[in-house]
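What follows is a short report on a single structure.
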Amino acid sequence: MVGFGASPLGDEFGPIDGAEGERAVHAAIDLGINYFDVAPYYGRTLAETRLGQALENKRQAIILATKAGRYDGEPGSGFDFSAQRIIASVEESLKRLRTDYIDVFQVHDIEFASQQQIMEETLPAMFKLREQGKVRFIGITGYPLHLLKAVAGSTAVDMVMTYCHYNLLNTTADKVLMPMARERGIGLVNAAPLHMGVLTERGAPPWHPAPEEVLGAGRQAAAWCREQGGNIADLALQFAFSYKQVATTLVGMSKVEHVRRNIQMAEVKPDPELFRGVLKIIKPAADIHWVVGRPENNDPGSAPSPNSVGDKN
Ligand code: NAD
């Protein structure tokens, strides 16, 4: 199932044409995409504002997910997971998104807070919003899998989102998170099937937190696919969309052309030869994960990275 990741609407992968972004949202809805994910952080409110405008008269057709806890600021700052800020945040998002309810309200990047604060302050505030009906479901998002598992496995969250953890470069979500999600009956959302741009012809944006080994493997795989007459993004999406256990796979989009193409890729099986060749190239960099957030929250074996606190998602 293809979900619409709206961080590109906040110019996170480079400036976009706002009107084209709006057309991409409309095309997605017309073609049957019904899950949209955004956050105040994307474009420092720009993505929510653009999405809200594009959703005018179409809000009821979709499941709308946004987040709270991560805002503006220098890398490593700009977080506020306090109950007070969460409550204010939902009101601000409702205004920008031009709606009176949020379907899925998520704590954005829990690894930047203490686990204690998330469990004892942030989530209780969110659960109250769920009781009040301002939001329908509560979730958490972040990068370190063990932390997501610990928090989702011991609280009443409805969903958990992981990114860069189930695609051609990394499949560890299947081992670490999926068994817990299945056991507890909560939805697992798989974000960034293109490894935040690494698995595209254009390549990773400058802020990408992955170590060079991963970025280089992506470039090599893209070049090899091109030589074979294929396309790395197509293959990556075919692979990720074939993982049917997840509630949805969120791909970042801001162009009608990508919306059309990506929906088509959900129906195509990866070409076995191309797939084998890419896996071989990627093997030395497979399942490499990097440092994000507070040191105590990182997964064991996280690789250091100069951009590890600067990612834009
Ligand atoms: P992604 O892996 O989906 O890659 C997005 C990039 O690929 C964009 O530059 C987009 O323009 C490009 N792209 C899309 N389709 C393409 C195609 N067919 N060919 C070539 N390029 C194509 O990364 P993402 O956008 O970071 O992740 C998807 C969504 O998941 C985000 O938009 C966001 O909503 C969510 N997300 C959340 C978190 C979090 O909560 N911490 C982290 C990452 C992602």
Side-chain angles (χ1 to χ4, degrees), residues 2-17 20-21 24-25 27-28 33 35-43 47-48 50-51 64-70 79 104-112 139-145 147-148 159-170 173 189-210 218 222 225-226 230-241 246 248-266 268 292-293 309 311-313:
V2 185
F4 193 108
S7 69
L9 294 183
D11 292 348
E12 295 294 7
F13 291 85
I16 65 152
D17 169 3
E20 171 67 3
V25 170
I33 290 183
Y35 194 98
F36 285 73
D37 177 81
V38 69
Y41 183 62
Y42 301 156
E48 278 195 338
R50 280 182 171 154
L51 184 60
L64 182 55
T66 192
K67 314 191 184 81
R70 184 166 198 175
F79 295 91
V104 183
F105 196 44
Q106 305 156 103
V107 191
H108 198 171
D109 290 344
I110 60 169
E111 65 271 24
F112 287 94
I140 53 171
T141 82
Y143 185 69
L145 291 177
L147 178 70
L148 292 173
M159 59 79 71
V160 52
M161 180 205 287
T162 175
Y163 68 95
C164 294
H165 275 123
Y166 195 92
N167 61 45
L168 285 175
L169 275 159
N170 190 315
V189 169
N190 179 30
L194 301 172
H195 222 56
M196 300 196 300
V198 176
L199 297 168
T200 64
E201 274 292 319
R202 187 183 178 194
W207 50 260
H208 203 292
C225 274
R226 199 184 316 127
N231 177 283
I232 189 67
D234 285 355
L235 187 77
L237 291 169
Q238 292 158 10
F239 175 74
F241 292 143
V246 287
T248 186
T249 293
L250 284 179
V251 53
M253 295 185 276
S254 59
K255 293 182 180 159
V256 174
E257 170 206 335
H258 285 165
V259 170
R260 293 214 177 101
R261 183 87 192 157
N262 298 352
I263 289 172
Q264 278 171 13
M265 289 309 107
V268 180
V292 189
V309 290
D311 77 276
K312 300 287 186 198
N313 278 297

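Whatever order the structure lists ligands and atoms in, that order sets their numbers, starting from 1. Just the heavy atoms: all of them, side chains too, but no hydrogens, waters or symmetry mates, feed the values below.
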Proximity to ligand 1 by part of V251, non-hydrogen separation under 4.0 Å = both
Describe, in one word, how the ring planes of F79 and F112 are oriented to each other, choosing from parallel (under 30°), tilted (30 to 60°) and perpendicular (over 60°).
-> parallel
Under 3.5 Å, side chain of H208 to main-chain N/O of G203, donor-acceptor pair present?
-> no
Ligand 1 to T141, heavy atom cutoff 4.0 Å, flagged ligand atoms 39 (C), 40 (O), 41 (N)
Who are the side-chain hydrogen bond (donor to acceptor under 3.5 Å, both in side chains) partners of S254, not counting sequence neighbours?
-> none
Nearest heavy-atom approach of Q106 to A65 is NE2-CB, 3.7 Å
Would you mind running through ligand 1 and noting each atom that sits below 4.0 Å from a heavy atom of Y163?
-> 38 (C), 41 (N), 42 (C), 43 (C)
From the options Y42, Y143, F13, F112, select the one whose nearest heavy atom is closest to atom 37 (C) of ligand 1.
-> Y42
Which of the ligand 1 atoms, numbered from 1, are nearer than 4.0 Å to a heavy atom of A6 = 32 (O), 34 (O)
Ligand 1 N/O within reach of R202 N/O, cut-off under 3.5 Å | no
Name the option, out of G203, A192, A204, G142, that contains the heavy atom nearest to atom 1 (P) of ligand 1.
-> A192
Using a strict 4.0 Å cut-off to heavy atoms of D109, name the atoms of ligand 1 that fall inside it.
-> 39 (C), 41 (N)
What part of M161, side chain from CB on, backbone N/CA/C/O, both or neither, has a heavy atom under 4.0 Å from ligand 1?
-> side chain
Worked check of side chain to side chain contact (heavy atoms under 4.5 Å, CB included) between F36 and L51 | CA-CA 9 Å; F36 285 73; L51 184 60; 3.9 Å; yes
Any idea which atoms of ligand 1 are less than 4.0 Å away from a heavy-atom of G5?
-> 29 (C), 31 (C), 32 (O), 34 (O)
Proximal atoms of ligand 1 relative to K67 (non-hydrogen, under 4.0 Å) | 40 (O)
Calculate, to the nearest 0.5 Å, the distance between atoms NZ and NE2 belonging to K67 and H108 respectively.
-> 4.5 Å
All heavy atoms of L237 vs all of M265, minimum pair found to be CB-CB, 4.0 Å
What part of A233 sits under 4.0 Å from ligand 1 if we count only heavy atoms: the side chain, the backbone, both or neither?
-> side chain
Contact check: D37 vs ligand 1, nitrogen or oxygen atoms, below 3.5 angstrom | yes
Which atoms from ligand 1 have a heavy atom of P8 less than 4.0 Å away?
-> 32 (O)
Smallest heavy-atom separation, I16 atom then P8 atom, equals CG2-O, 3.7 Å
For ligand 1, indicate whether the residue H195 contacts it via side chain, backbone, both or neither (heavy-atom separation under 4.0 Å).
-> backbone
Show which atoms of ligand 1 fall inside a sub-4.0 Å distance from at least one heavy-atom site of A191.
-> 30 (O), 35 (C), 36 (N), 44 (C)
Member of Y41, Y143, Y163 meeting the side-chain contact (heavy atoms from CB on, under 4.5 Å) criterion with D109 = Y163
Backbone or side chain, does any N or O of R261 fall under 3.5 Å from an N or O of ligand 1?
-> no
Would a distance-only check, ignoring hydrogens and angles, find a side-chain to backbone donor-acceptor pair under 3.5 Å from E201 to I232?
-> no
Part of D234 within contact of ligand 1 (heavy atoms, under 4.0 Å) = neither
Residues forming a side-chain hydrogen bond (donor to acceptor under 3.5 Å, both in side chains) with R260, sequence neighbours excluded | none
